[in-house]
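Worksheet for the structure shown next.
In the text below, chain A, chain B and the rest are named by the order of the sequence lines, each starting its count at 1. Predicted, not measured: the structure shown is a model, and the values here were computed from it.
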Amino acid sequence: MAPRLQPVRGTRDLVGEELRRHRHVVETGRHLALRYGFEEIATPIFEFTEVFARTLGEASDVVTKEMYTFADRGGDSLTLRPEGTAAVVRAAISGGLLRAPPLKLFYQGPMFRYERPQKGRLRQFHQIGVEILGAGEPAADVEAIVLGRHLLEELGVAARTRLHLNTLGDPESRARYREALVAHLEAHRHRLSADSLRRLERNPLRVLDSKDPGDREVVATAPVLVDFLSAGSRAFYAEVRARLADLGVPFVEDPHLVRGLDYYTHTTFEFLTEELGAQGAVVAGGRYDGLVRQMGGPDLPGVGWAAGVERLAMLLSTSPPPPRPTALVPIGEAAEREAWRLALALRRAGFVVDLAYRGGPRPRMKRADRLGCRFALFLGEEELAAGTVKLRDLDSGAETALPRARLSAELERLGAARIRS
RNA sequence: GCGGGCGUAGCUCAGCAGGUCAGAGCACCAGGUUGUGGUCCUGGGGGUCAUGGGUUCGAAUCCCAUCGCUCGCCCCA
């Protein structure tokens, strides 16, 4: 019985152009993060289930119905990571990395959520993200946001996104607001949608960004969080906004931008696009001052974001082109073996070289064309006898005979594709 | 988990008031052109028409189910 050959629902094979776009997003993110002084961390792809269950909230949708959880052969309950923050914080605590805060970490990799796939939403998807641990200053929020914006600029998609900004205040502010909001929603519960009644139980703040028209009416008259902010929280938020303005980062304040998870505090933000349908958030994050302690670490604040690699890849208007190889074309038996020696030498020098296993000059040239080669090198009786190689520029058609000793230097001068390890 | 749309060659699709309906373009292979590509010409390989069942003399075409894709709700990056 042959196995089913389709990839598992919500997963994708990446190859060619699509893979290049993903790589481009990830590499751009990595390079920028390093430039901002972040250190890369790679954590395991699965953790003990409790790492996510406790931190994301036992009642959250992610935990209750979206995690890939399984028992390993030793009986431990493990979960494929549904997001990066909990895993990174766990690693920072257990690795003792928090003794010299602030700690700035970058990560990238696949995440897993059992959801109904749709545009920009897969069951195995990829994120890049940053976390700043141990910095309670507004400057940290701002640096994270600026890095997010910088990433979008570098990818050429910033103009098609908009930064939404909000604050949840400190835990006390937030708790008082939540109480007032729940009271209001309870008073109007007969007008709420079924979805929002459910939210009311689990995640009242989420009602604020409901799309249901009836819910919106109830929300319109609801108390607003700004009125419940402590003086300290207001000052913090004002500082974040002032610094963003100072650095020329455009944003819109969005009082309905909320996070469901309890450990979120103060700044919350999302870079949204209109171009990806329902899954419009390409970079999203916020401050989570309660998380590290909640996970059993020191009482350190944190702020960070995650970006959806697939979503950003879809947004790219151009993708990096593949390298244009140099084709080696031996002509005749005698040149065949010599061509392989030459190919090895050129590859050792870093050049991208294609050498077909068989065929006459014509089929080989057709192949070179198909591969998008920039140069072709002919090696036949004549060249063998003269110790030369004939170099053809496939864009212009110009040919020159070169002594073999000068080949590498000439290819370099002409800018032939190289990949350095 | 709930709704809508869609599944025909590797790719993009045509064919669908049931009766040469298994096709086109691109891609691929070979030859024209065994010391030279992009154009052109000729020929060729490829499809259980997603899968299973039903209606019918006859189904890619109609019906049902399943699987998958896709868009929205939900959730979220």
Side-chain angles (χ1 to χ4, degrees), chain A residues 4-12 16 25 29 56 60-67 82-85 108-123 125-129 148 161 193-196 198-199 202-203 206 209-212 257-261 269-273 276-286 304-315 327-333 335 356 358-384 390-399:
Chain A
R4 284 179 288 181
L5 295 179
Q6 58 211 178
V8 170
R9 179 169 212 194
T11 68
R12 264 199 166 80
V25 170
L56 298 180
S60 70
D61 272 23
V62 170
V63 170
T64 54
K65 47 191 192 194
E66 294 178 1
M67 296 203 308
E83 59 108 35
T85 303
Q108 64 73 35
M111 308 291 163
F112 306 83
R113 285 183 206 170
Y114 189 86
E115 297 183 275
R116 188 76 172 260
Q118 65 186 71
K119 187 173 189 178
R121 189 171 81 181
L122 295 170
R123 289 184 174 179
F125 60 103
H126 298 77
Q127 289 186 334
I128 60 181
T161 67
S193 66
D195 279 328
S196 281
R198 196 173 51 84
R199 293 186 182 104
R202 299 185 166 180
N203 228 330
R206 276 265 158 221
D209 63 353
S210 170
K211 292 170 188 168
D212 182 272
L257 176 61
V258 293
R259 290 276 109 95
L261 311 183
F269 60 91
E270 288 183 0
F271 288 88
L272 300 173
T273 178
L276 295 180
Q279 316 298 323
V282 290
V283 176
W305 54 251
V309 175
E310 281 82 1
R311 293 180 187 181
L312 288 172
M314 279 191 286
L315 227 43
L328 245 176
V329 181
I331 302 165
E333 283 295 308
R358 59 187 301 184
R362 186 177 154 77
R364 286 173 188 269
M365 284 303 286
K366 281 184 180 283
R367 172 186 166 89
D369 192 59
R370 199 172 60 238
L371 294 177
C373 291
R374 177 66 216 284
F375 300 104
L377 298 169
F378 297 98
L379 197 60
E381 305 282 328
E382 283 173 34
E383 290 79 12
L384 242 34
K390 197 193 286 177
L391 183 154
R392 181 180 174 91
D393 181 323
L394 294 181
D395 287 348
S396 69
E399 288 189 352

Using a 4.0 Å heavy-atom cut-off, does [X] contact any base of the nucleic acid, only the sugar-phosphate backbone, or nothing at all?
| X | answer |
| --- | --- |
| A/Glu383 | base |
| A/Glu382 | base |
| A/Gly84 | nothing |
| A/Gly360 | nothing |
| A/Gly148 | nothing |
| A/Glu381 | base |
| A/Val329 | nothing |
| A/Ala281 | sugar-phosphate |
| A/Gly359 | nothing |

The side chain of [X] is closest to which nucleotide in this list: [options]?
| X | options | result |
| --- | --- | --- |
| A/Glu66 | B/rC40, B/rC75, B/rC74 | B/rC75 |
| A/Pro117 | B/rC73, B/rG37, B/rU70 | B/rU70 |
| A/Tyr114 | B/rA77, B/rG1, B/rC74 | B/rG1 |
| A/Arg113 | B/rC69, B/rU36, B/rA77 | B/rA77 |
| A/Phe378 | B/rU36, B/rC75, B/rC71 | B/rU36 |
| A/Arg198 | B/rC2, B/rA77, B/rC74 | B/rC74 |
| A/Arg362 | B/rG1, B/rU36, B/rU33 | B/rU33 |
| A/Lys119 | B/rG72, B/rC73, B/rA77 | B/rG72 |
| A/Lys390 | B/rU70, B/rU36, B/rC75 | B/rU36 |
| A/Ala284 | B/rG32, B/rA77, B/rC74 | B/rA77 |

Passing option when A/His126 is tested against A/Arg12, A/Gln108, A/Glu310 for side-chain hydrogen bond (donor to acceptor under 3.5 Å, both in side chains)
A/Glu310
Suppose we call a contact any N or O donor and acceptor under 3.5 Å apart; does that hold for the side chain of [X] and the base of [N]?
| X | N | answer |
| --- | --- | --- |
| A/Arg121 | B/rC71 | no |
| A/Arg311 | B/rC76 | yes |
| A/Arg392 | B/rG37 | yes |

Please report, rounded to the nearest Å, how far the [atom2] atom of [N] is from the [atom1] atom of [X].
| X | N | atom1 | atom2 | result |
| --- | --- | --- | --- | --- |
| A/Arg9 | B/rC71 | CZ | P | 12 Å |
| A/Leu272 | B/rA77 | CG | C1' | 11 Å |
| A/Leu122 | B/rG68 | CG | P | 15 Å |
| A/Arg116 | B/rG4 | CZ | C1' | 11 Å |
| A/Glu115 | B/rG1 | CD | P | 12 Å |
| A/Lys366 | B/rU33 | NZ | P | 13 Å |
| A/Arg367 | B/rC28 | CZ | P | 12 Å |
| A/Glu270 | B/rC75 | CD | P | 13 Å |

Determine the interatomic distance between [atom1] on [N] and the same-named atom on [M]; round to the nearest Å.
| N | M | atom1 | result |
| --- | --- | --- | --- |
| B/rA24 | B/rG15 | C1' | 10 Å |
| B/rU48 | B/rC67 | C1' | 16 Å |
| B/rC13 | B/rA9 | C1' | 11 Å |
| B/rU39 | B/rC26 | P | 10 Å |
| B/rG58 | B/rA22 | C1' | 16 Å |
| B/rG47 | B/rU8 | C1' | 8 Å |
| B/rU12 | B/rG3 | C1' | 29 Å |
| B/rU56 | B/rC74 | P | 46 Å |

Could you pick out which residue, A/Leu276 or A/Ala306, lies toward the 5' side of RNA chain B when each is mapped onto its nearest nucleotide?
A/Leu276
Most 5' of A/Cys373 and A/Gly10 on RNA chain B, judged by nearest nucleotide:
A/Cys373
Are side-chain heavy atoms of [X] and [Y] found at a separation under 4.5 Å?
| X | Y | result |
| --- | --- | --- |
| A/Arg113 | A/Leu122 | no |
| A/Val282 | A/Leu276 | yes |
| A/Leu384 | A/Leu379 | yes |

For [X] and [N], is the shortest distance between a side-chain N/O and OP1 or OP2 below 4.0 Å?
| X | N | result |
| --- | --- | --- |
| A/Arg364 | B/rU34 | no |
| A/Arg12 | B/rU70 | yes |
| A/Arg199 | B/rC74 | yes |
| A/Arg206 | B/rC76 | yes |
| A/Gln118 | B/rG72 | yes |

What do you reckon, is CD of A/Glu381 surrounded by more than 12 foreign heavy atoms closer than 6.0 Å?
no
Nearest heavy-atom neighbours spanning A/Gly397 and A/Arg392:
O-NH1, 3.5 Å
For the atom pair OG1 (A/Thr161) and CZ (A/Arg311), what is the distance rounded to the nearest 0.5 Å?
13.5 Å
Please evaluate residues A/Leu394 and A/Met365 with respect to the criterion side chain to side chain contact (heavy atoms under 4.5 Å, CB included), reporting the C-alpha separation (whole Å), side-chain torsions for both, the decisive distance (0.1 Å), and the verdict.
CA-CA 10 Å; A/Leu394 294 181; A/Met365 284 303 286; 3.6 Å; yes
Is B/rG18 paired to anything, Watson-Crick or G-U wobble with both distances less than 3.5 Å, and if yes, which nucleotide?
none
Without swapping roles, check the side chain of A/Asp393 against the backbone of A/Ser396 for a donor-acceptor pair under 3.5 Å.
yes
